[in-house]
Amino acid sequence: MSAFRFTRVAIDGSALRGELLDHHCGGYASFEGWVRNHNEGHEVRHLEYEAFEPLGMKEGERIIAEAIRRFGVTRALCVHRIGDLALGDVAVWVGVSSPHRDEAFKACRFIIDEVKHRVPIWKKEHYVNGDSGWVNCERCAADAHSHDAPAAGASPSPHHHEHG
Amino acid sequence: MSAVLKGLVLSGGRSTRMQQDKAVLHYVGQTQLDRAARLLAEQVEEVFVSVRRDQTGEPVRAKYRQIVDAESVQGPLAGIFAAQAADPDAAWLVVACDLPQLDAKTLATLIAGRDPARLATAYRSSQNQLPEPLCAIYEPASAPALKAFAATGRNCPRKFMINSDTLLLDQPNPQALENVNTPEEFRATSQALGAATRSIRVQYFALLREQAHCSEESVDTAAATPRELFLELKARHAFTLPADMLKVAVNTEFADWSQPLQAGDTVVFIPPVAGG
């Protein structure tokens, strides 16, 4: 099965962990990105993820292969959720097993960082006040046209978003 | 004896109204810059391309012998001054890169009609009878006169020609010097030149999907590259994202914005991503 996957159903971390078990490995590291209830001062109600899946899977596979080559880890896996997500849902899961812990931590960090920057996945935030917006797209597009400060009381402007 | 004639393609313009570099626009399969340089090379031994300092490494320009624009003056005179400084003994056949209908006959007629005893030889515009300074021959003696002109704070080479000893010829092809400054003029000219339209499938995601009001469409277009296609669709759907914030994929692989499109290709414009 592919080492980078999209799923429309809840991510089951313990089942995925089982795919990484290997008697050659003495260490396992994982990361979960969760849907949180706020971003840049705005209250978030739920999220919507969308992906260009055929290219996303190719690019995700390349990231996993790079991580294995670069850090010498034994196995690595990343699953990204798409569709509507509720607060507390796991949006992305990364797991790495390796003979030693240091490489596992590093590869895990590398994979989540690269996935966020390279894989064609988009996130729409729906806010408690009823507004919504595509993260990294809408304010940047507005900035490209005008450098004026947003008017007081303007809709929240989704921008860069880091999981905690 | 007349001065040896060298060729100069002006490619350092800002292309502001076109919203993309005019030198790399394609007409019927070749870039404007390549087309202009090839036409000049049929007429003169040596051809140079004038570039801004920040353009010297660009792939479309890097393959040519370059002359970096003078910084003492704005506009096309920057390229002409730099060429005259690079070889003060040569006469320069100067051609703008945004003349998609320029033809060999127009250049050959200009050269045949050249009078080396005048400061310059140019065409009289078929539209308004004024000199056409961006398909013209500048003799070595024009250099000090141009410098004196620029020293008065002016930088329009047409005004220079009107007020100096320029031989004006009639155009053998009245359309040859029509330039193209906007995406609309580009599309009209592409079609007039017989650029075949072809069917491209475009898929939209996220913000672009919402703004296009569809997740995919089939587009009949003369656009030769993803960049040209994006500008066409940006105008059609009022996309808010500029091209330089996007990436592009052709047939489910990341692609270059200037890669030639083929009939049947599937193109995806990729807005800034936000996984995780």
Side-chain angles (χ1 to χ4, degrees), chain A residues 4 6 31-35 39 47-60 62-63 78 80-82 90-94 111-125 132-146 158-164, chain B residues 15-20 183 200-217 226-227 229-231 233-257 259 261 264-276:
Chain A
F4 184 94
F6 291 105
F31 172 82
E32 292 184 356
W34 298 348
V35 178
N39 187 33
L47 290 185
E48 186 184 333
Y49 281 98
E50 176 172 338
F52 175 24
E53 294 181 54
L55 180 58
M57 288 177 65
K58 280 189 201 171
E59 189 69 357
R62 285 192 280 252
I63 291 167
C78 178
H80 204 293
R81 182 95 180 266
I82 49 179
V90 177
V92 59
W93 186 94
V94 181
I111 291 167
I112 185 62
D113 287 350
E114 294 296 303
V115 165
K116 287 170 78 85
H117 287 113
R118 290 166 50 184
V119 178
I121 301 168
W122 301 277
K123 171 164 55 187
K124 188 173 193 177
E125 292 179 333
S132 63
W134 291 98
V135 173
N136 291 346
C137 289
E138 309 212 42
R139 193 169 73 195
C140 292
D143 286 351
H145 291 282
S146 161
H159 201 59
H160 196 60
H161 179 137
E162 290 289 342
H163 273 287
Chain B
S15 307
T16 315
R17 283 175 288 165
M18 188 61 80
Q19 303 171 50
Q20 64 168 316
I200 304 287
R201 179 169 168 243
V202 185
Q203 289 181 292
Y204 297 112
F205 292 93
L207 184 60
L208 295 179
R209 176 175 51 73
E210 293 181 353
Q211 293 178 340
H213 302 291
C214 63
S215 55
E216 71 170 86
E217 64 181 333
R227 183 174 298 280
L229 179 62
F230 181 74
L231 290 173
L233 295 171
K234 184 176 193 284
R236 181 184 304 177
H237 296 304
F239 291 145
T240 51
L241 289 163
D244 60 11
M245 282 182 59
L246 307 180
K247 291 183 178 173
V248 65
V250 177
N251 302 332
T252 70
E253 195 47 87
F254 290 109
D256 194 275
W257 281 100
Q259 132 178 357
L261 288 175
D265 279 349
T266 297
V267 175
V268 176
F269 300 108
I270 299 175
V273 303

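Lettering follows sequence order; numbering is per chain, from 1.
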>> Measuring from atom CD of B/Glu210 to atom OG of A/Ser132, what distance do you get when rounded to the nearest 0.5 angstrom?
In response: 7.0 Å

> In Å and rounded to the nearest 0.5 Å, what is the CD to OH distance from A/Glu50 to B/Tyr204?
Replying inline: 14.0 Å

>> With a 3.5 Å distance limit and no angle check, can you tell me whether A/Tyr49 reaches the backbone of B/Gly276 through a side-chain donor-acceptor pair?
In response: yes

>> Once rounded to the nearest 0.5 Å, what's the spacing between atom CG of A/Asn136 and atom CG of B/Leu241?
In response: 10.5 Å

> Between B/Thr252 and A/Lys58, which heavy-atom pair has the shortest distance, and what is it?
Replying inline: O-NZ, 2.5 Å

>> Tell me the closest heavy-atom pair linking A/Pro120 and B/Val273, and the distance in Å.
In response: CA-CG1, 3.6 Å

> Any side-chain heavy atom of B/Arg209 within less than 4.5 Å of one from A/Trp134?
Replying inline: yes

> Is A/Trp122 reaching over with its side chain to a backbone N or O of B/Pro271, donor-acceptor style, under 3.5 angstrom?
Replying inline: yes

>> Need one label for A/Arg81: side chain, backbone, both or neither, based on atoms under 4.5 Å from any heavy atom in chain B.
In response: neither

